[in-house]
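Working notes, structure below.
Computation of the quantities below employed the complete heavy-atom set of this structure, encompassing side-chain atoms and omitting hydrogens, waters and symmetry-equivalent molecules.
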Amino acid sequence: MPRLLPSDALEGPPVRARWAAILAIALAATAASTDWIAAWDATRGLVPAATDRHDWDAAGLAAAPALGDTTGLTDGIDDPAGAATARLEAGDVVLDLVWEAPLTLTEVRVETYTDAFGTGHRLAIGMETSTAPGTGCVNASLRAPKTAAGDATALQYCIRADLHEPPGEPTGEWRPLHFFLTQTANLDAAAYTDPPADRANDPTLVDYFGFGFETGNAYDTGLWPNWRSPHWYRDPVCDTDPGIYRSLDDLHLTDRYQDPALHGTGAELTRPGSPAYPVEGRLVLPACTPVANDYFDDATALEPYADITPVPLSSWTEFNASTAEPQPLRTAVAVDVRSCDTGFRTCSSDPTAPADPYHPANSGAVGEWLDELLRTDP
């Protein structure tokens with residue numbers, strides 16, 4: 001009987017040719033589904049960063065030369081003539097500082113760095129003060145290499161303490177005092193374009209902008225945290241007006257706090273006409289940039305954002321206080337500003353920065369500095 005098919009009809013192509021075809025198909029499918037930019041960024045990210053860090057303690061700050069000209073560095077300072085000043089220099093880095101009592105600067109950290117995605121500079125300032133009612137501010141101007149010619153990162157930080165009797169009429173029973181810590185800061189980040197005019201395409205990323213405080217053990221100080229503001233949520237107006245700001249409830253900054261009928265107004269949307277400062281009407285922050293309040297670390301920070309215009313940040317914390325005696329207080333402010341040649345999430349040092357903004361806090365590299373400066377244990 002004759003064969004219906006040739007003897008080699010079912011053998012197909014040689015094994016090597018078949019595997020080559022399978023591999024080609026697999027590679028084509030991989031190429032179609034792979035984000036090669038992300039893959040390249042991941043590869044570049046393996047390159048270690050080159051860093052140059054400088055620290056000054058209280059002795060180093062005391063030994064630093066005073067500023068001969070404080071122009072542009074006295075905003076918020078009640079008595080510019082009596083303020084302390086210092087110029088700190090290290091290589092190409094120049095940091096000018098102006099601060100006032102009751103703040104005492106205890107440590108300053110500055111770091112410049114270059115990694116696979118750009119270059120940047122970090123600044124953190126640690127301070128000591130007390131919970132005695134009053135306001136203290138520090139202003140800083142940092143000039144770092146590779147930023148736009150003549151452009152400096154300008155930072156102002158203020159902290160205010162207020163102590164109130166509980167609202168309403170006395171009941172005849174003991175009630176704790178209401179103690180408030182209010183913090184404000186304003187950051188004008190240096191641009192990484194030269195000239196810094198094309199703001200729409202500026203590659204500057206503010207990777208960290210935040211501040212914090214430490215009041216110590218509540219059993220020792222008699223200060224028990226009760227409430228904080230802000231509590232971030234995305235307002236529907238952000239879809240059409242992303243530049244809107246939020247104004248925090250500031251009744252505790254007035255002499256009307258005792259009136260219970262005025263409590264409970266909450267935050268409102270606004271357009272600030274002036275920088276943040278701890279007085280009535282100026283507790284402002286961006287409404288559409290996620291802000292994280294880390295309750296246990298007493299830190300407040302904006303999530304990474306791109307903006308080289310001045311940005312304000314405000315926060316307050318209410319305590320139940322068992323004593324009116326001033327207690328020691330530690331506070332700090334920190335920023336991280338950098339260039340970025342790819343997606344901002346790739347450049348960010350915050351490992352917890354997903355698309356979902358409802359995560360605990362910005363924990364970038366300089367956030368660790370903030371935690372270290374606030375820590376009171378040995």
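- Under the 3.5 Å distance criterion, the side-chain polar atoms of Gln258 are matched with a main-chain donor or acceptor of Pro166.
- Taking CZ of Phe213 as the reference point, atom OG1 of Thr331 lies at 8.5 Å (rounded to 0.5 Å).
- Atoms CG and OG, from Leu283 and Ser315 in turn, are 9.0 Å apart once rounded to the nearest 0.5 Å.
- Across Glu303 and Asp350, no two heavy atoms sit closer than the pair OE1-OD2, 3.6 Å.
- No donor-acceptor pair under 3.5 Å is formed between the side chain of Asn320 and the backbone N or O of Asn226.
- Remark: aromatic rings of Tyr257 and His252 are distant, center separation not under 6.0 Å.
- Between Val206 and Val311, every side-chain heavy-atom pair lies at or beyond the 4.5 Å cut-off.
- Using a 4.5 Å heavy-atom cutoff, the side chains of Phe180 and Leu251 are not in contact.
- Scanning both residues, Asp371 and Arg375, for their nearest heavy atoms gives OD2-NH2, 2.5 Å.
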Inset, instruction - Would you sort out whether Val110 and Leu88 count as a side-chain contact (heavy atoms from CB on, under 4.5 Å), showing the intermediate values? - result: CA-CA 10 Å; Val110 175; Leu88 306 178; over 6 Å; no
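- The pair Glu107-Arg330 does not count as a salt bridge, with every side-chain nitrogen at least 4.0 angstrom from each carboxylate oxygen.
- The line from CZ of Phe211 to CG of Leu155 is 10.5 Å long, rounded to the nearest 0.5 Å.
- For the pair Arg160 (side chain) and Gly134 (backbone), a donor-acceptor distance under 3.5 Å is absent.
- When the side chains of ILVMFWY residues are joined at heavy-atom separations under 4.5 Å, either directly or via intervening members, Trp56 and Trp99 end up in a single hydrophobic cluster.
- The closest side-chain heavy-atom distance from Tyr192 to Thr119 is below 4.5 Å.
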Inset, instruction - Assess whether side-chain contact (heavy atoms from CB on, under 4.5 Å) is satisfied between Cys158 and Gln156, documenting all intermediate values. - result: CA-CA 7 Å; Cys158 300; Gln156 181 199 64; 3.9 Å; yes
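- Ile244 is listed as a side-chain neighbour of Cys288, based on a closest heavy-atom distance under 4.5 Å.
- The main-chain N or O of Asp78 is found under 3.5 Å from a side-chain atom of Glu100 such that the two form a donor-acceptor pair.
- Between Arg109 and Glu372, at least one side-chain N (NZ, or NE/NH1/NH2) sits under 4.0 Å from a carboxylate O, which counts as a salt bridge.
- For the atom pair CG of Asp162 and CG of Leu181, the computed distance is 9.0 Å after rounding to the nearest 0.5 Å.
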Inset, instruction - Show the numbers, then the answer: is there a side-chain contact (heavy atoms from CB on, under 4.5 Å) between Leu67 and Val98? - result: CA-CA 8 Å; Leu67 294 178; Val98 177; 3.9 Å; yes
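- Scanning all heavy atoms of the two residues, the minimum distance from Thr135 to Pro102 falls at O-CD, 3.5 Å.
- Distance check: Thr153 OG1 to Arg122 CZ gives 13.0 Å after rounding to the nearest 0.5 Å.
- Side-chain contact check for Ser348 and Tyr208: no donor-acceptor pair (N or O, by modelled atom type) lies under 3.5 Å.
- Ionic pairing of Arg338 and Asp336 is not present here: no N-O contact between side-chain nitrogen and carboxylate oxygen is shorter than 4.0 angstrom.
- Ile159 and Val284 fall into different hydrophobic clusters, where Ile, Leu, Val, Met, Phe, Trp and Tyr are joined by side-chain heavy atoms under 4.5 Å apart, directly or via other members.
- Hydrophobic clustering keeps Phe179 apart from Val279 (ILVMFWY residues linked when any side-chain heavy atoms are closer than 4.5 Å, directly or through intermediates).
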Legend entry - Derivation of the salt bridge (Lys or Arg N to Asp or Glu O under 4.0 Å) call for Arg143 and Glu89: CA-CA 10 Å; Arg143 293 188 292 278; Glu89 297 184 80; over 6 Å; no
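- Between Thr184 and Leu313 there is no side-chain heavy-atom pair separated by less than 4.5 Å.
- Geometrically, Arg271 does not engage Tyr245 in a cation-pi contact, judged by NZ or CZ lying under 6.0 Å from the ring centre and within 45° of the ring axis.
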Inset, instruction - Apply ring-ring contact (aromatic ring centres under 6.0 Å, His included) to the pair Trp224 and Tyr219, showing each step before the final yes or no. - result: CA-CA 8 Å; Trp224 302 87; Tyr219 289 97; 4.9 Å; yes
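- Looking at heavy atoms from C-beta onward, His178 lies out of side-chain contact with Phe319 at the 4.5 angstrom threshold.
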Inset, instruction - List the steps, then state whether side-chain contact (heavy atoms from CB on, under 4.5 Å) holds for Asp188 with Thr309. - result: CA-CA 6 Å; Asp188 188 357; Thr309 62; 5.9 Å; no
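- By the criterion of side-chain heavy atoms lying less than 4.5 angstrom apart, applied directly or through intervening Ile, Leu, Val, Met, Phe, Trp or Tyr residues, Leu187 is grouped together with Val93 in one hydrophobic cluster.
- Nearest heavy-atom pair across Ser314 and Ala276 is OG-CB, 3.5 Å.
- Looking at Thr131, its side chain does come within 3.5 Å of a backbone N or O of Gln327 through a donor-acceptor pair.
- One finds the CG atom of Asp307 at 7.5 Å from the OG1 atom of Thr289 (value rounded to the nearest 0.5 Å).
- Clustering ILVMFWY residues whenever any of their side-chain heavy atoms sit less than 4.5 angstrom apart, transitively, puts Leu95 in a cluster other than the one holding Ile77.
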Legend entry - Full working for side chain to side chain donor-acceptor pair (under 3.5 Å) between Ser349 and Asp207: CA-CA 7 Å; Ser349 65; Asp207 196 27; 2.7 Å; yes
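- For the pair Ala190 and Thr147, the tightest heavy-atom approach, listed with the atom from each and the gap, is CB-CG2, 3.9 Å.
- Nearest heavy atom pair, residue Gly281 against residue Asp250, reads N-OD2, 2.6 Å.
- Using a 4.5 Å heavy-atom cutoff, the side chains of Asp52 and Tyr113 are not in contact.
- Looking only at distances, a side-chain donor or acceptor of Trp316 sits under 3.5 Å from a matching main-chain atom of Asp249.
- In this structure, the side chains of Thr104 and Thr129 stay at 4.5 Å or more apart for every pair of heavy atoms.
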